[in-house]
Every structure is written in structure tokens, then in C-alpha cells.
Amino acid sequence: MAGPEAGTKIQIHSYKHNGQLHRVWESSTVLKSTAEVLIGANDRTMVTESDGRTWITREPAIVYFHAKHWFNIIGMLRTDGIYYYCNISSPYVYDGEALKYIDYDLDIKIYPDMTFTLLDEDEFNVHKRQMNYPPEIERILWSQVDILISWIRQGKGPFSPDFIDTWYELFLTYR
């Protein structure tokens, strides 16, 4: 299925390996959509957790999804700089209803000075056992952690110096 057109508002659905809906972002504006990449943005959007709790995002964010890499990247524009939150996840699919991916627990948080921390290894290990992640999936996920760290260190893709600001400027034209 073709991706959504720029300017379209879409939902983002995160699932767990067992198929359970994990989290829904109510509205993100598509900024670019190709066969491999979807770049979007949101600001103060409602997020619904699997248990029904809701919260509103605090700051503008640029979201980067890839159809071949097993991660997605969120660049959050805060007063003291750009913070990134990266989910190790399946490649995304867009099915006309929403952009969808499977969240595999491991996350990397990156600070404005580009230092970073790998998060949620405990959660990953619990879910790996509970949901029987196949060994091949685990190998893919850890190799994607390495690729993501390489991108961070090289300032590649969403981590390049002007990436977030450039896409945020475009987002402002849709508001």
C-alpha cells in the first residue's frame, strides 16, 4: 500500500511481539513518505496506553520510521536542546488505518551532547522469555542496536545536525 501524503494526519500504533496493542499516538502529521522512510511530527498529541491511561506529549517531536531498519527515532525539541528517544522495533508498516510497528522493549535515550544510554534491558529479557522471541529476532534486534549506535556516533540520518530543525520548520507550515 502506498504511504500517506505529506500533510496527512495519521495515528501511530505500537504493538508487542504477542500482538497486543501497546500504545497509540492520536495524531502525527506526515512530512515525508517514501517506500522506505516516513518522517512525521507531532506536538501536544494524546497518547493512549494499553491499560487505557492517556497523556499528552509535552513538546514538539519529529518522528522517523524506516521500512528496513528495526528501530524508530523520536527527536524532541526541548528548551535546552534536542533529545532523542529510539525504540528498537520492527520495521514499520502503513496499512491505511495507521502506521504500525512492534516495540521490542530496548530503547536508547540520547542527550543534546549526543551522549546516550541503552534502556530497558531488564524489560527486554522478561518479554523475551514471556513472548518467546525467536533467536533470529534477538540477533536482528542486537545488530540493529549496533547500527543505531553507529548512526548516533556518525551523526547520520535523524542525528545529523540540522535534521530535526529542518523538519520542524516544515511542520510549522502545516499548523
Residue pair [X] / [Y], side-chain heavy-atom distance below 4.5 Å:
X: Glu59; Y: Leu77; result: no
X: Asp105; Y: Asn125; result: no
X: Ile88; Y: Phe124; result: no
X: Thr57; Y: Trp55; result: yes
X: Asn87; Y: Tyr101; result: yes

Please give me the minimum heavy-atom distance between [X] and [Y], naming the atom from each residue.
X: Gly3; Y: Tyr94; answer: CA-CD2, 4.1 Å
X: Pro91; Y: Ala67; answer: CB-O, 3.1 Å
X: Asp80; Y: Pro112; answer: O-CG, 3.8 Å
X: Pro4; Y: Ser33; answer: O-CB, 3.1 Å
X: Asn72; Y: Ser89; answer: ND2-OG, 3.1 Å

Practice prompt. Name all residues meeting the ring pair (Phe, Tyr, Trp, His ring centres under 6.0 Å) criterion together with His69; count only those two or more places apart in sequence or in a different chain, and write none if there are none.
Written response: His66, Phe71, Trp151
For the atom pair [atom1] ([X]) and [atom2] ([Y]), what is the distance rounded to the nearest 0.5 Å?
X: Ile102; Y: His22; atom1: CD1; atom2: NE2; result: 12.5 Å
X: Cys86; Y: Ile108; atom1: SG; atom2: CD1; result: 6.0 Å
X: Thr117; Y: Lys109; atom1: OG1; atom2: NZ; result: 8.0 Å
X: Ile12; Y: Thr45; atom1: CD1; atom2: OG1; result: 8.0 Å
X: His17; Y: His127; atom1: NE2; atom2: NE2; result: 12.0 Å
X: Asp122; Y: Leu106; atom1: CG; atom2: CG; result: 10.5 Å

With sequence neighbours excluded, what pairs up with [X] under the side chain to side chain contact (heavy atoms under 4.5 Å, CB included) test?
X: Val126; answer: Arg129, Gln130
X: Thr29; answer: Lys9, Leu31, Phe171, Tyr174
X: Arg23; answer: Ser14, Trp25, Val47, Glu49
X: Asn132; answer: none

Verify same cluster id: [X], [Y] (apolar side-chain graph, 4.5 Å):
X: Leu141; Y: Ile152; value: yes
X: Ile39; Y: Val93; value: no
X: Phe116; Y: Val145; value: yes
X: Leu99; Y: Tyr64; value: no
X: Met114; Y: Met76; value: no

Checking [X] now: which residues fulfil salt bridge (Lys or Arg N to Asp or Glu O under 4.0 Å) with it, not counting sequence neighbours?
X: Asp43; answer: Arg175
X: Asp103; answer: Lys16
X: Asp146; answer: none
X: Arg58; answer: none

List the atom pairs, donor and acceptor, that lie under 3.5 Å between side-chain atoms in residues 161-170 and the rest of the protein, sequence neighbours left out.
residue	atom	partner	partner atom	Å
Thr166	OG1	Asp162	O	2.8

Fill in: Co-members of Ile56 in a cluster of I, L, V, M, F, W and Y side chains, linked at under 4.5 Å
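Its cluster mates, by chain and number, are Met46.
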Discussion item. Please determine whether the number of non-hydrogen atoms from other residues, nucleotides or ligands lying under 6.0 Å from atom CD of Glu5 exceeds 12.
Written reply: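 No, the 6.0 Å shell around CD holds no more than 12 heavy atoms from other groups.
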Worksheet item: Between Tyr104 and Tyr133, does the ring centre distance come in under 6.0 Å?
Response: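 Centroid distance Tyr104-Tyr133: below 6.0 Å, so yes.
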Discussion item. Going by the rule side chain to side chain donor-acceptor pair (under 3.5 Å), which residues pair with Tyr111 if we only count those two or more places apart in sequence or in a different chain?
Written reply: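 Scan of Tyr111 (side chain to side chain donor-acceptor pair (under 3.5 Å), adjacent residues dropped) gives none.
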Response to the item:
side chain to side chain contact (heavy atoms under 4.5 Å, CB included) test vs Ile73 passes for just one of Phe65, Tyr85, Phe159, namely Phe159
